Every structure is written in structure tokens, then in C-alpha cells.
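Note sheet for the following structure.
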Protein chains: 2
Amino acid sequence: MMSPLTERFVLHFGEMGSRWGVNRTVGQIYALLFLSAEPLNADEIGEALGFSRSNVSMGLKELQAWRLVRLLHQPGDRREYFETPKDVWEIFRTLTEEKRRREVEPTLSLLRDALLEPAQDDTERHAQARMREMHDLIEMTTGWFDEVHRLSPETLQKLMQLGARVTKLLEMAERLRIGGKEVK
Amino acid sequence: MMSPLTERFVLHFGEMGSRWGVNRTVGQIYALLFLSAEPLNADEIGEALGFSRSNVSMGLKELQAWRLVRLLHQPGDRREYFETPKDVWEIFRTLTEEKRRREVEPTLSLLRDALLEPAQDDTERHAQARMREMHDLIEMTTGWFDEVHRLSPETLQKLMQLGARVTKLLEMAERLRIGGKEVK
DNA sequence: TTATAATTTCAGGAAATACTGAAAATACAG
DNA sequence: CTGTATTTTCAGTATTTCCTGAAATTATAA
């Protein structure tokens with residue numbers, strides 16, 4: 001059975017799941033797999049969490065769609081086993097990529113379409129101006145995420161540790177014209 | 001009535017709302033206010049979206065709890081009017097702050113507690129090691145967000161435009177010992 | 001193949017969430 | 001104050017989402 005430590009974590013992620021657009025089952029399955037030292041099969045998961053076999057099956061399918069768990073086989077056992085990626089940075093990256101694909105991209109595409117429509121009156125002109133602001137903000141932040149995703153974990157870590165002191169670097173960059181586009 | 005442009009945007013945000021932990025009503029109210037050129041009162045909102053007065057009232061309350069809309073009064077009118085902040089960067093900042101307060105902080109606090117417990121066996125030791133990894137990742141990324149939040153929109157924008165070229169800057173920073181802690 | 005183990009699908013019931021209208025509370029003009 | 005306009009609360013209902021067990025499908029060992 002689950003240790004009290006694991007159980008608390010699992011219950012917490014069940015609740016949090018709803019805020020991330022997945023249900024309690026999915027959150028709990030993920031949490032259990034994240035903590036587990038070895039891969040688990042669907043029966044083990046169902047038993048540990050008290051869910052029906054079919055519920056576990058659906059939950060695992062969703063987690064696979066999110067690329068948050070991967071399927072593997074144990075030698076001499078024909079059941080499917082599941083595990084989460086080991087590297088938490090990789091998990092973080094996957095999560096932001098999926099969020100982007102599911103939420104950000106559809107929104108961007110709606111905004112782009114809306115901005116192509118000719119405005120009929122002042123109200124629409126104003127609405128479009130607002131949409132343009134949102135569009136530009138989203139495009140800038142996601143574009144940045146895209147680039148930063150490609151950095152190695154170590155570089156990323158350095159950047160994070162740098163924090164707000166990055167301001168100093170930016171000033172320096174301007175003076176030294178490192179930003180790619182030459183500064184006037 | 002809503003223009004087709006506004007309507008599409010509003011419906012989209014209604015759907016997206018659910019993914020952000022708010023319901024359709026709340027998402028639509030926010031979207032309507034975001035696009036509106038002037039503040040709206042609850043009756044106007046309810047009529048535009050086809051929601052009951054009480055539903056609008058609850059939705060506005062929630063949006064205020066998120067600090068995503070603010071209340072104001074029109075001279076000579078005793079009804080309450082609502083608007084969204086104008087600056088999209090400010091909106092973005094508010095959103096991340098609230099998300100942090102509601103999701104990240106409770107998780108961090110759970111992890112901290114769990115890490116203080118003495119491990120009973122290897123399984124628990126492994127679980128704690130995983131929790132430590134998650135804890136450190138979250139603490140690092142949110143600590144970084146905290147600092148970056150304090151930057152001016154202009155600085156932030158420069159940082160974003162820099163994107164992955166930030167690597168070059170980091171190398172330079174190490175050479176010049178700008179990172180705050182002196183490099184060995 | 002065939003038999004059986006394992007997984008998935010899905011209709012229907014259970015649970016959770018959202019929404020409404022009526023009533024209560026609050027705010028404010030006169 | 002008093003009366004009225006405005007907002008909020010909340011119990012009940014509608015809607016949506018979740019979860020299960022049985023049946024169907026798929027995979028694999030013999």
C-alpha cells in the first residue's frame with residue numbers, strides 16, 4: 001500500500017489536477033508514477049488508488065497524450081508498465097510545450113484571424129487594438145520560451161540563478177552590441 | 001449587441017476558461033471587458049452574454065478575487081462599473097502571481113513538509129528524492145519569476161527579444177564575474 | 001490457429017459544478 | 001430616516017463531468 005508520504009502527495013496532485021485541466025484520477029496516477037521507484041502496471045495503479053481498471057486505462061491514455069508518462073515492458077511479463085521521465089527539467093519542458101499546443105496556439109490563431117477582418121466601426125477598431133496587444137504579448141513570450149527551451153539545463157540554470165541581475169547584462173549587451181541586431 | 005468579432009473572442013475565452021480553472025461565465029465576462037472600450041455594469045454584461053444577473057455577480061466577484069477586473073463608478077450613476085487593466089504586461093504579471101499563490105505555494109509547502117519527515121524505508125527515501133527534485137525545480141523557476149517580475153516592461157521586452165542569444169551573455173558574465181557570487 | 005491474458009470502449013449511473021430566480025442585504029438619494 | 005435602486009446570497013434545478021462494470025477488442029503464448 002502507499003506510504004503516508006506518498007499518499008499526501010498523491011491526494012494533493014489529485015486536487016491540483018483540476019486546475020491544470022485534468023481530472024483527479026489523472027493527477028493522482030501521475031503523482032503515484034512520479035514517486036515510484038520502478039514502473040507500475042495498470043492493476044497496481046488501480047489497486048493503490050482505488051480506481052477501476054477502466055478508469056486507470058483512460059487516465060493513462062490521457063497522460064500519454066500529454067507525453068507525461070511513457071509505456072514500457074518488463075521482460076517476461078506481457079502487461080504494460082508505465083513510468084514518468086526521470087529528469088524534472090524535461091518534464092517541465094514537456095508540460096509547457098503541451099500547454100502551448102493546446103491553449104496558446106489556438107488562441108493565437110483566433111487572434112490572427114480576427115486581426116485580418118476589416119473593422120466596421122470604432123468599437124471594432126478598439127477591440128482589434130486590444131487583440132493586437134494580446135497577440136503581440138503572447139507571441140513574444142512564447143517565442144522566447146521556444147528559444148530558451150533549446151538551451152541546455154545547465155545554461156538555463158545559470159540564467160535562473162542570475163535572476164534580476166540580468167538587467168546589468170542587458171545594459172552591457174547594448175553597449176557591446178551583442179543583441180544580434182546592431183544597436184544604432 | 002456584440003459584434004461578430006467580439007463574439008468569437010468571447011466564446012473562445014469561455015472555452016479556455018475551463019482550462020484555467022474558471023468556468024465559462026467567468027471567461028466570457030473577462031473577454032468582454034477586455035475588449036470593451038468603456039467600463040460596463042453588471043446588467044450590460046448579463047444582457048450581452050445572456051447570463052442571469054446573479055451569475056454575472058458571482059463571475060465578477062471571482063474576477064476581482066483574481067485581480068483581473070477592477071471596480072469603478074461613473075459620475076451620476078450609482079451602479080458599479082467594471083474594467084480590465086489596460087496594460088497587458090500588468091495583466092500577465094497579475095495572472096502569474098495569482099497562479100503562483102493558488103497553485104505553486106501550496107505545492108511547495110506540501111513538499112517542504114514531506115521532506116522534513118524521516119524516511120522509513122527505501123521506498124520513502126526514493127519518494128523524498130523525487131520530491132526534492134520537484135521542490136528545487138519549482139523554487140528555482142518561481143524565484144526567477146519573482147525577480148524578473150520586478151523588471152520594467154522595457155527591460156523585460158529586451159530580454160525576450162534576446163531569446164536564446166542569452167547564452168552568449170552568460171558566457172561573458174562568467175568571464176567577467178557579473179553573476180553576483182564570484183566565480184572561482 | 002486457439003485460448004487466454006490484457007486493454008479499451010462505452011452506455012448508464014453517480015458525483016460535482018454551474019446557473020437561475022427569489023429573497024435578503026446593502027447602498028444611497030431625497 | 002424612508003423608499004428605491006442595486007447587489008449578493010443561496011436553495012433548488014439543470015448541466016456537465018466523472019467513473020464504473022460489462023462487453024468488445026487486441027495481443028500473445030502455446
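Just so it is clear, the structure is predicted and the values come from calculations on it, not from any experiment. Chain A is the first sequence line, chain B the second, and so forth, proteins listed ahead of strands; every chain is numbered from 1.
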Working for side-chain contact (heavy atoms from CB on, under 4.5 Å), residues Leu108(B) and Glu105(B) = CA-CA 5 Å; Leu108(B) 268 184; Glu105(B) 284 304 340; 4.2 Å; yes
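In this structure, CD of Gln28(A) is placed 9 Å from P of dC19(D), rounded to the nearest angstrom. Between the P atom of dA6(C) and the CG atom of Leu72(A) lies a distance of 16 Å, rounded to the nearest Å. Here dA6(C) presents its P atom at 16 Å from CG of Leu60(A), a figure rounded to the nearest Å. The nearest whole Å value for the distance from the CD atom in Glu80(A) to the P atom in dA5(C) is 17 Å. For Glu47(A) and dT20(D), the CD to C1' distance is 17 Å, given to the nearest whole Å. Note: CD (Glu62(B)) to P (dT9(D)) measures 13 Å, nearest angstrom. The interatomic distance linking Leu49(A) (CG) with dC18(D) (P) rounds to 17 Å, in whole Å. Asn41(B) places its CG atom 16 Å from the C1' atom of dT8(D), with the value rounded to the nearest Å.
Not a single donor-acceptor pair under 3.5 Å links the side chain of Ser36(A) to the backbone N or O of Leu32(A). A distance-only check finds no donor-acceptor pair linking the side chain of Ser57(B) to the backbone of Arg53(B) [under 3.5 Å]. Using modelled atom types, one side-chain atom of Gln128(A) and one backbone atom of Glu117(A) make a donor-acceptor pair closer than 3.5 Å. Judged purely by atom type and a 3.5 angstrom limit, Thr94(B) uses its side chain to pair as donor or acceptor with the backbone of Glu90(B). For the pair Glu83(B) (side chain) and Glu38(B) (backbone), a donor-acceptor distance under 3.5 Å is absent. Between the Arg130(A) side chain and the Lys86(B) main chain, a donor and an acceptor come within less than 3.5 Å of each other.
Of the residues near DNA chain C, Ala42(A) and Ser18(A), the one whose nearest nucleotide (by heavy atom distance) lies more toward the 5' end is Ala42(A).
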Quick one: what's the B/S/- string for nucleotides 18-30 of chain C, heavy-atom cutoff under 4.0 Å, read 5' to 3'?
-> SSBB-----BBS-
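In the helix from dT1(C)-dA30(D) to dG30(C)-dC1(D), the end axes, each obtained as the rotation axis mapping the C1' atoms of four pairs onto the next four within a five-pair block, lie 30° apart to the nearest 10 degrees.
Evaluation of the ring pair (Phe, Tyr, Trp, His ring centres under 6.0 Å) test over residues 12-63 of chain A, restricted to residues two or more places apart or in two chains, returns Phe9(A)-Phe13(A).
Lys61(A) has a side-chain polar atom (N or O) that falls below the 4.0 Å cut-off from OP1 or OP2 of dT9(C).
Here the options are Thr25(A), Leu33(A), Asn41(A), Asn55(A), the test is side chain to side chain contact (heavy atoms under 4.5 Å, CB included), and the partner is Leu60(A); only Leu33(A) passes.
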